[in-house]
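Each chain gets a letter, A, B and so on, in the order its sequence line appears, and its residues count up from 1.
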Amino acid sequence: MVSSSQPARVRFAPSPTGHLHLGGARTALYDYLLARQTGGQFILRIEDSDRRRFVPGAEEEIYASLRWLGIQWDEGPDVGGPYGPYRQSERKEIYQKYANELIDSGQAFTCFCTPERLEKVRNEQQKRKEPPHYDGTCRNLSANEVSERIAAGEQHVIRFKTPKEGTTTVTDLLRGDITVENRTLDDYILVRSDGLALYHLAAAVDDHLMNITHVIRGSEWLPTFPLHGLIHRALGWQEPEWVHLSVFLKPSGKGKMSKRESAELIKDGHSIFVKDLEGLGYLPEAVVNWIALMGWSYDDHTEIFTLPDLVEKFSLDKLNPSPAAINFTKFDHFNGLHIRALPLNELVRRMKPYFVEKGFQVDDATLLKIAPIIQERLQGMDDAPELAGFFFKPDVNPDVAELAIKDLTPAESADLAKKILAILESLPDVKLETAEPPMRKLVEQSGLKAGQVFGLMRIAITAQRVSPPLFESMEIIGKEKVVARMRRAVELLSAL
RNA sequence: GCCCCCAUCGUCUAGUGGCCCAGGACGUGGCCCUCUCAAGGCCAAAACGAGGAUUCGAAUUCCUCUGGGGGCACCA
């Protein structure tokens, strides 16, 4: 379904104050999808107008996270573009110009109130159970007084002169018209005393100057949405289409994830920060698929989507305005789906770093043999070394207690192990076709269950209770090592 | 306190007046497959927050309530 035939220009506008989280990633994803689908542009704009909040490295990390997800931008601080600069801190003069325009047209005013006085006013309003708002002291100062006080070096900000009467109606694509009483709106500050614009003005100016057609952002902007509409109108500009996405709630569904809770998550192998996800074993394809489906759906049954699928199928009118609880269990499911969908050589390429990180010396040829037998057993990519590390160890240290078969005496277990060893030694190789039939025969003769006999072998050869299929694994390890490991098991059991 | 938004299984969701005694997915329980673990297959339990109204007919429209969420900075 094509939602718009006109090329869309959309922007993702994070502030470089922290890590890119899932909510932001989803917004960026939708931006990207709309741009690609309509043949438009996806713009990355850094909203760093508050330099006090600047976090070194945050901007670079946002770039890295987006790139990892496969979300490429067409214009941005690093790649440039025809509408730059793309960092708000570099656009100070531009905002000043429009702030002056608003003052000249009587739609903004210079305010000399000190933060201390405002604090006091707020406290008093609080006491009287009134909503905190600017009391209008400087709303109607004469032009002369203003220029005199500025000339005298008095600190001042610029405020929007919000209409006191009537109502304002703005339109959200998902929610329709939203109407508020103007008296509930404040005379918001547009330009700080240091001369830099605040978000409200800066975003409006940038969105207009950069020809943004769709503003997709979080629903935390809904309360100031009417103000934004008013600013565009005061400047005589046509508004973009506004789309407010629902917020992500914590897994319990009770409220947004707090900073502390976000940090705690990693202990369970989860994180809401994109930068952590690769290390936790998640595939970017899975992340994209999962977050795309939180707040958007295609139909009543399709659930696997690649980025190109999404570009083709995404549409704004299928967006869901209600808040969504983050569900990591389902995320793990998507991860498994995408791991299993990976071509084997690609799986090898992706899992290699996880082995290397754990100190394993791996080679592609062996990894390629292992790939098909562990692919469907990986919940996360980070499970690979634990599941298949034994392939790369010179020898393993099985736990004797696990080696012994429960229903047998230690001597009987040792005896059985000897028989297994003898059979293995007699074989020309330990390929699946060669090794399995004689072992099945042994199981039959022993009167034990296949699981018991193969279990002993599994522990002996892998030192793991859980492993990829035994005979397939043996084939990859090779007769020499298999026999050596079995011999060691015999020794261990005999010593019991 | 004030303002705004939202409301279908535990969770993510389909559903835009009759196709719905509500469909899919995750998770959960059971069964099958099986050398462990997975994967896969089959089956099951599980929801339209409440009350009014409109209508021949409402999960779908309207109102009230309730619940949940968000916001009320010289942050974004």
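Across all strands shown, B:G29 forms a Watson-Crick or G-U wobble pair with B:C43, both key distances being under 3.5 Å. The partner of B:C72 is B:G1, by the rule that a Watson-Crick or G-U pair needs both atom distances under 3.5 Å. Across all strands shown, B:A14 forms no Watson-Crick or G-U wobble pair with both distances under 3.5 Å. Across all strands shown, B:C37 forms no Watson-Crick or G-U wobble pair with both distances under 3.5 Å. Under the Watson-Crick or G-U wobble criterion, with both distances below 3.5 Å, B:A7 is paired with B:U66.
Neither OP1 nor OP2 of B:C3 sits under 4.0 Å from any side-chain N or O of A:Arg183.
Protein atom NZ of A:Lys254 is 14 Å distant from nucleotide atom C1' of B:C6, rounded to whole Å. A:Arg465 has its CZ atom 14 Å from the P atom of B:U36, to the nearest Å.
Using a 4.0 Å heavy-atom criterion, one finds that A:Ile326 contacts no nucleic acid atom at all. The residue A:Leu293 sits close only to the backbone: its heavy atoms come under 4.0 Å of sugar-phosphate atoms, none of a base. A:Ser297 comes within 4.0 angstrom of sugar-phosphate atoms only, judged by non-hydrogen atoms across all strands, and of no base. The residue A:Gly295 sits close only to the backbone: its heavy atoms come under 4.0 Å of sugar-phosphate atoms, none of a base. Residue contacts for A:Glu119: at a heavy-atom cut-off of 4.0 Å it reaches no nucleic acid atom on any strand shown. A:Asp332 comes within 4.0 angstrom of no nucleic acid atom, judged by non-hydrogen atoms across all strands.
Residues A:Pro321 and A:Gly455 each lie close to RNA chain B; by heavy-atom proximity, the contact nearer the 5' end of the strand is made by A:Pro321. Along RNA chain B, the nucleotide nearest A:Ser322 and the nucleotide nearest A:Leu387 are compared for position; the residue whose nucleotide lies closer to the 5' end is A:Ser322.
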Where protein sits on nucleotides 70-76 of chain B, one letter per nucleotide: B base, S sugar-phosphate only, - none, heavy atoms under 4.0 Å:
BSSSBBB
Just by protein heavy atoms under 4.0 Å, how would nucleotides 24-32 of chain B read 5' to 3' in B, S and -?
SBSS-----
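A tilted orientation is assigned to the rings of A:His338 and A:Phe334, their planes being inclined by 30° to 60°.
Legend: salt bridge (Lys or Arg N to Asp or Glu O under 4.0 Å) pairs involving residues 241-254 of chain A, not counting sequence neighbours, sorted by first then second residue: A:Lys250-A:Glu261. Screening residues 89-98 of chain A for salt bridge (Lys or Arg N to Asp or Glu O under 4.0 Å), with sequence neighbours left out, gives A:Arg87-A:Glu90, A:Arg91-A:Asp206. A salt bridge (Lys or Arg N to Asp or Glu O under 4.0 Å) check over residues 446-466 of chain A, counting only residues at least two apart or in different chains, returns the pairs A:Glu402-A:Arg465.
Here the separation of B:A14 from B:C56, taken at their C1' atoms, is 27 Å to the nearest Å. Taking atom P on both B:U34 and B:A22, the two are 36 Å apart, rounded to the nearest angstrom.
A donor-acceptor contact under 3.5 Å is formed by the side chain of A:Arg377 with the base of B:C37.
Contact check on A:Glu285 versus A:Arg350 returns a salt bridge, with a Lys/Arg side-chain nitrogen under 4.0 Å from an Asp/Glu carboxylate oxygen.
Under the side-chain hydrogen bond (donor to acceptor under 3.5 Å, both in side chains) criterion, A:Arg53 pairs with no residue at all, not counting sequence neighbours.
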